[in-house]
Amino acid sequence: MDPNEMTPTQYFVQKILNKQPIEPMDEVPLGPSLSDLLNTALGQRGISVAAAAELSGINTRRFFRFVYMQDGTVQPQRNTLLRLALTLDMDFKQCQQLLKAGSVAQLTSSRLRDRVIMIGLLNQEPLDEISRTLDEQGFVDLYAKC
């Protein structure tokens, strides 16, 4: 497995299992940053920051901070990242990477709400349709602040 695709814990455990020398303070690869992932997705989609912000219902100034702040001081909410992933047509793996880079819980089948989101994401449903389905099934929609 590529060290850049491992979680820090997986990397650390792998080093121990392979009996490789490791110091507690060794640097562990963390993967791409939130800013890197968003910039890549914006470039692939050919969409401006302002347009992506408007389509995902995010304040443009705040979205600029997600894209250009590299220091991790901006911590978007999970719903915000999910809206961005859907707006930028990210696939499931890219969405999970975005959630991880944003330091929020990744999607999991053990949560019913996440299952609805995962089905919509895998079926490439639009953001508004997934949000409407969540609301119809009694879950918090993707535009809620939570």
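Just so we're clear, the structure is a prediction, and the values are computed from it rather than from any experiment.
Annotation: the span from Met90 atom CE to Leu81 atom CG amounts to 9.0 Å, rounded to 0.5 Å. Taken from CZ in Arg65 to CG in Leu34, the straight-line distance is 12.0 Å, to the nearest 0.5 Å. Distance check, rounded to the nearest 0.5 Å: CD of Gln97 to OG1 of Thr40 gives 9.5 Å. The CZ atom of Arg62 sits 8.5 Å away from the CD1 atom of Ile58 when rounded to the nearest 0.5 Å.
Counted within 6.0 Å of CD on Gln20, heavy atoms from surrounding residues, nucleotides or ligands total more than 12; the atom is thus considered enclosed. Within 6.0 Å of CD on Gln106 lie more than 12 heavy atoms contributed by other residues, nucleotides or ligands.
Using modelled atom types and a 3.5 Å distance limit, the side chains of Ser110 and Thr108 yield a donor-acceptor pair. With no hydrogens or angles considered, a side-chain donor-acceptor pair links Asp36 and Ser33 at under 3.5 Å.
Asp141 is not listed as a side-chain neighbour of Arg132, based on a closest heavy-atom distance of 4.5 Å or more. Residues Leu121 and Leu107 are in side-chain contact: their nearest non-hydrogen atoms beyond the backbone lie under 4.5 Å apart. Residues Leu98 and Gln94 form no side-chain contact, since every pair of their non-hydrogen atoms from C-beta on lies 4.5 Å or further apart. Residues Cys95 and Leu86 are not in side-chain contact: their nearest non-hydrogen atoms beyond the backbone lie 4.5 Å or more apart. With contacts defined as side-chain heavy-atom distances shorter than 4.5 Å, the pair Ile130/Ile119 does not qualify.
There is a path of hydrophobic side-chain contacts, each under 4.5 Å, that joins Leu122 to Leu88.
With Arg113 contributing its side chain and Leu134 its backbone, the two residues share no donor-acceptor pair below 3.5 Å. At least one donor-acceptor pair under 3.5 Å links the side chain of Asn59 to the backbone N or O of Arg61. A distance-only check finds no donor-acceptor pair linking the side chain of Ser56 to the backbone of Arg83 [under 3.5 Å]. Between the side chain of Asp89 and the backbone N or O of Arg45 there is no donor-acceptor pair closer than 3.5 Å. A donor-acceptor pair is defined here as one N or O able to donate and one able to accept, closer than 3.5 Å; no such pair exists between the side chain of Glu54 and the backbone of Ala51.
The minimum heavy-atom distance linking Ala105 with Arg111 is given by the pair CB-NH2, 3.5 Å. Contact between Leu37 and Pro32 at its shortest, heavy atoms only, is CD2-CG, 3.7 Å. Gln75 and Ser103 make their closest contact through OE1-CB, 3.8 Å (heavy atoms, listed as atom of the first residue, atom of the second, distance).
Taking 4.0 Å as the cut-off between side-chain N and carboxylate O, Asp114 and Arg78 count as a salt-bridged pair.
Phe66 pairs in a side chain to side chain contact (heavy atoms under 4.5 Å, CB included) with only one of the listed residues (Asn39, Val49, Leu38), which is Leu38. Of the residues listed (Leu99, Leu127, Thr87), the one engaging Leu82 in a side chain to side chain contact (heavy atoms under 4.5 Å, CB included) is Leu99, and it is the only one.
Every residue two or more places apart in sequence or in another chain that forms a ring-ring contact (aromatic ring centres under 6.0 Å, His included) with Phe64 is listed here: Tyr68.
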- Item | Intermediate values then yes/no, side-chain hydrogen bond (donor to acceptor under 3.5 Å, both in side chains), Tyr143 and Asp135 | CA-CA 10 Å; Tyr143 292 97; Asp135 185 53; over 6 Å; no
